[in-house]
Amino acid sequence: MEENLRQNTKTGASEIIRIAIFGPESTGKTTLAKQLAEYYKTVWVPEFARDYLQEKLDSGRGVCDIDDMLPIAYGQTKLENESAAIANTYLFCDTNLMVTKVFSELYYNFCDSLLDKAARTHQYDLFFLTDIDVPWEDDGLRDSPEGRDSIFSAFRQSLIDNKKPFITLSGDKETRLKKAVSVLNDLNVAKKMGIDSRNFVQIYEHGIPLERVREQLEFYQNGIPKAILDRPATVNDGILRLATEDFVEKAAFFDENKASLKLMKLVPASGAATRMFKFLNEFLRDYHYETESINAYINRKRDLELSLFIVGMDKFSFFEAIDKRLKTDFADFKFWPADKKNYYFITYLLYPDYFDFGSKPKGVLPFHKYSDHVATPFEEHLNECVAYAAVQQKGHLHFTITESHQLLFDKLEQEFKIKIESESNTLIDVGYSYQDKSTDSITVDTNNRLARNQNKELLFRPGGHGALIQNLNALDADIVFIKNIDNVIQNHIEAIALYKKGLAGILIGFQQRVFSYLRAIYAQQVGEVEVDEIVHFVQNELNIELVKGFSKFTFDNKVKELTRVLDRPIRVCGMVINEGEPGGGPFWVIDGKGRTTLQIVESSQVDLKNEKQQLILESATHFNPVDLVCGIKNFQNEKFDLTRYVDPLSGFILERKLGNETIKSYELPGLWNGAMAKWITIFVEVPMVTFNPVKNVNDLLKPAHQFHQNL
């Protein structure tokens, strides 16, 4: 019998995809196996143990005991392999050796070594673990329903411990069948792509559609076309310039028209502040504390950033807290030499046992020192929300954060929200969302093969801030203000509010005209004269180039094309004068159809080996400060599906080291780059006072982040 068991634990025909329906009794296993077999016009393997036990009871030989485990296992595998010979693509197995192994351990606290080994090595392409969310049914052979939770847990743990690829099925019969069919269809596709079952389950649990995986693999294999720059967008050629009094007028127009609108302020705040302290981490790693002075290190490394940090140390808003802690921990601190004080200050600033600023999100770090307290970017964004994103004493503020940082933000909200609400007489609804892991990208090695870790599991990387188009898409608002977490100011908040309101006023003005044209079109109230008026508006005010040959279109086709052009989300983007900051800028870009469109372009999207493209990039007059106001509803007050307006070809491929290996990952089209590539885009020049990012901790020493008593 042992030899027969060994012979019959082979997988069988390699072209057959074996699916094990796994789980405790009375969880719909048999029903699902039959349904799937019928759906795919193939065969299913019934549960051998059921007939075996019934025959034993009928013959009077007693109930099941430990000696029955091997015969049941043998009979099941023999039946499976016989069925595999006549199966069509799939073979569905109602129970398997792993079930027998688990029951042997649960009921008899023992499992024969042969059965144990066979259960571990017997291969299935996928296990469907049937949940216990269905009523238990007495079939005359099984135990009572008590303890279903613990039995189900034992079954699930056996799959995990033995590294079996499984997916849990819950719900009623129809729901389970529908989900199983969807999974199996994807599994079949994955296998043709060279993705094995374990990796398929990883992708499935990540929620990444297989079509997106295929697309990413094609990008790795073939590359992504670079953006083709035509020219930089400049004032009067894609960028609108307004005088201060015009901004005041637009801001007033916004205030007059906002009463019926729901406003939302969106703040991308994911990730830790690691790069903000990069040069300090390098100092702690490379400084020879016992043998050199800090000045010698600065000269050796030519580290002017460290020199500036030390000179301005007492001006940082976090200086007093760290200095106080050092004096508490070291009674003789005031007698220490300067180098030792500075070294310990930086150590306390960054080490996990102390302040650990490098691993915390920027939003919770102390940025600004006021006369009575120290403020974080989180608090400053609360104040900004009140200043320009509130209607009728109600504001809505939404942060996209990393889930592990939630408690840090919750603490700040509890500490400051009520205070700011009371002072401003404005209620602030604060919401949070996380970057959906389904937007992660798979990674590959330099040969474009799926990258795996030492456990042969796929490696995933976050898809970048472009993933946040999903978060934006989920917001319920008429107008959304977007501003990065670190772009806050200690002074001149009134000026910030003025220009934000001004951008919103511009948006509403354009939106009203677009909506009026669309309503007229849908009401069939446009003629040749009105079409000419719309064409002039589209070309000269929205800066949209119409398709070639548009002038020769019939009247009806002109109307259809104008409807397509106008019925899109709208964004108004503030642009500041280029002063050499790294990042994207406004350009006229030639699309795949030869038309030029206004886009925000990052240098990574440009072919820097092309001298002409390099010159166009360097000739940009303006820079993107991520200062956006977005209209995300259409003229019928319905939300746009923003995912329809993404250009997937505006993503890019990143290479990074993982140990000694190089891996590649796909970066999604950026939130304000390719993710909004197909929006109606208006670029407006705004003053530098609106742009105060903190990319490096030393940026906090700039006037915009230092307290001025007279303001």
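Count residues from 1 along the sequence. Computed from heavy atoms alone, side chains included, the values below leave out hydrogens, waters and symmetry copies.
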Nearest heavy-atom contact between F333 and D323 is CE2-OD1, 3.6 Å
Closest approach of W679 and Y645, non-hydrogen atoms and distance?
->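 Closest heavy-atom pair between W679 and Y645: CD1-CB, 3.7 Å.
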So [X] and [Y], would you call those rings parallel, tilted or perpendicular, with 30° and 60° as cut-offs?
X: H705; Y: H368; result: parallel
X: F416; Y: H373; result: tilted
X: W672; Y: H465; result: parallel

For atom CG of N236, decide whether the heavy atoms of other residues, nucleotides or ligands shown that lie under 6.0 angstrom number more than 12.
-> no
Inspect the surroundings of CZ in R519 and state if more than 12 heavy atoms from other residues, nucleotides or ligands are less than 6.0 Å away.
-> yes
How would you list all residue pairs meeting salt bridge (Lys or Arg N to Asp or Glu O under 4.0 Å) that involve residues 381-394, not counting sequence neighbours?
-> K265-E384, E384-K483
So the salt bridge (Lys or Arg N to Asp or Glu O under 4.0 Å) pairs with at least one residue in residues 497-507 (sequence neighbours excluded) are D255-K501, K500-D627
Mark yes or no for whether N673, through its side chain, and Q599, through its backbone, hold a donor-acceptor pair below 3.5 Å.
-> no
So, do I346 and F309 sit near enough that their side-chain heavy atoms are less than 4.5 Å apart?
-> yes
Would you please test K360 and D356 for salt bridge (Lys or Arg N to Asp or Glu O under 4.0 Å) and show each step?
-> CA-CA 7 Å; K360 292 178 179 177; D356 195 24; over 6 Å; no
Taking atom types as modelled, is there a side-chain donor on E379 or Y370 under 3.5 Å from an acceptor on the other?
-> no
